[in-house]
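Heads up, the thing below is written out as structure tokens.
Just the heavy atoms: all of them, side chains too, but no hydrogens, waters or symmetry mates, feed the values below. Just so it is clear: chains get the letters A, B, ... in the order the sequence lines come, proteins before strands, and each one is counted from 1.
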2 protein chains.
Amino acid sequence: MFSSELKKGSTELLLLSLLEARPRHGYEIGKLIEARSGGKLQFKIPSLYPTLSRLEERGLISGRWVEEPGQRRRRFYRLTKQGSAALGEKRATWHEYVATVNLVIEPEGA
Amino acid sequence: MFSSELKKGSTELLLLSLLEARPRHGYEIGKLIEARSGGKLQFKIPSLYPTLSRLEERGLISGRWVEEPGQRRRRFYRLTKQGSAALGEKRATWHEYVATVNLVIEPEGA
DNA sequence: AGTATACATATCGTGACGCGATATATCCAA
DNA sequence: TTGGATATATCGCGTCACGATATGTATACT
């Protein structure tokens, strides 16, 4: 639906946002983005894993393997304290960016 | 101010928008983005030229050299009919994308 | 006269990152 | 038993703003 270029700046914000309420694993995050957006916003789920790894490397999220009977092993990520702070900043930056772009692109005399 | 990743999807939209009112040259567009955004949104002006070339290749804008006495030659771009249509679509897509992301990232229970 | 600054365009290599493809593996339903 | 949903991992690719660099003109200050 939306070009990958458009998505580029906001993927991390999306992932962090969805980990705010509770820990989730990669696949679940991918499906949740699709569900919450009414199918409009979709990611190739395999492409989320490198992003999750990156966020973990930077200490914004922390993952642990969970094995439950009758389920294959899943890696649940939770938001760290740093991640929570980063999320706040990213949300603010996002809203400011949107407002700024809107200011520039609005038709003359609008 | 804003990360280059965030800007990636919306640069073309910005350029096309600023050519809507009247033809402009690259340097002028760069300065206008900065001015209209109150300095918040800036591009390295040299990085705009490849984007303008790309838009011209695709037939969305059309450039012509203008030489005036006492001024170095400047290339003025105007929006083509196709460019005008593309601008409309890009604006709509942008607003829809923003609304969709906002839907997904809003804090639980907000 | 010399020098800095704004104006104006061009090109090249780099880095970031979502995509597409592919691989692997488990569980459940038809 | 075959297909689809679940679940994670990796690799190469394409796109595009950036940074650096280059070139050249006009204006203003010293």
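Tested against B:R75 for a side-chain contact (heavy atoms from CB on, under 4.5 Å), the candidates B:H25, B:R24, B:E56 yield a single pass: B:E56.
Rounded to an integer number of Å, the gap from B:E5 CD to C:dT14 P is 17 Å. Rounded to whole angstrom, the span from the CD atom of B:E68 across to the C1' atom of C:dA8 amounts to 13 Å. Regarding A:R54, its CZ atom lies at a distance of 15 Å from the P atom of C:dG15, rounded to whole Å. The nearest whole Å value for the distance from the CG atom in B:L52 to the P atom in C:dT9 is 9 Å. Across the protein-nucleic acid pair, B:R74 atom CZ and C:dA8 atom P stand 5 Å apart, rounded to whole Å. For A:E56 and D:dA9, the CD to C1' distance is 14 Å, given to the nearest whole Å. Taking atom CD of residue B:Q42 and atom P of nucleotide D:dC18, one finds them 10 Å apart after rounding to whole Å. Distance B:Y27 OH to D:dT23 C1': 15 Å, rounded to the nearest Å.
A:S3 and B:Y97 are not linked by any side-chain donor-acceptor pair at a separation below 3.5 angstrom, with hydrogens and angles left out of the test.
Nucleic acid contact for B:I45: base, since at least one base atom lies under 4.0 Å from a heavy atom of the residue. Using a 4.0 Å heavy-atom cutoff across all strands shown, A:K7 reaches sugar-phosphate atoms only and no base atom.
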Distance-only donor-acceptor hits, side chain of residues 38-51 of chain B, under 3.5 Å, sequence neighbours excluded:
unit_1: B:Q42; atom_1: NE2; unit_2: B:G39; atom_2: O; d: 3.1
unit_1: B:S47; atom_1: OG; unit_2: B:K44; atom_2: O; d: 2.7
unit_1: B:T51; atom_1: OG1; unit_2: B:R54; atom_2: NH2; d: 3.4

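Every residue meeting the side chain to side chain contact (heavy atoms under 4.5 Å, CB included) condition with A:S84, not counting sequence neighbours, appears here in chain and number order: A:L79.
Side-chain atoms of B:W65 lie closest to C:dA10 of the nucleotides D:dA17, C:dA10, C:dC19. In the set D:dA17, C:dG18, C:dT9, the nucleotide with an atom closest to the side chain of B:H25 is C:dT9.
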5' to 3', nucleotides 21-29 of chain C under a 4.0 Å protein heavy-atom cut-off (B base, S sugar-phosphate only, - none) gives B---B-S--
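For B:T80 (side chain) and B:S62 (main-chain N/O), no donor-acceptor pair under 3.5 Å exists by modelled atom type.
For C:dA10, the OP1/OP2 oxygens have no side-chain nitrogen or oxygen of B:Y49 closer than 4.0 Å. One finds a side-chain N or O of A:T11 lying less than 4.0 angstrom from the OP1 or OP2 phosphate oxygen of C:dG18. Contact annotation: A:T51 reaches the phosphate of C:dG18 (side-chain N/O to OP1 or OP2, under 4.0 Å).
The side-chain heavy atoms of B:R78 and B:R64, taken from C-beta on, include no pair separated by under 4.5 Å.
A salt bridge does not link A:E5 with B:K7: none of the charged nitrogens is closer than 4.0 Å to a carboxylate oxygen.
Each of B:P50 and A:K8 has a nearest nucleotide on DNA chain D; the 5'-most of these lies closest to A:K8.
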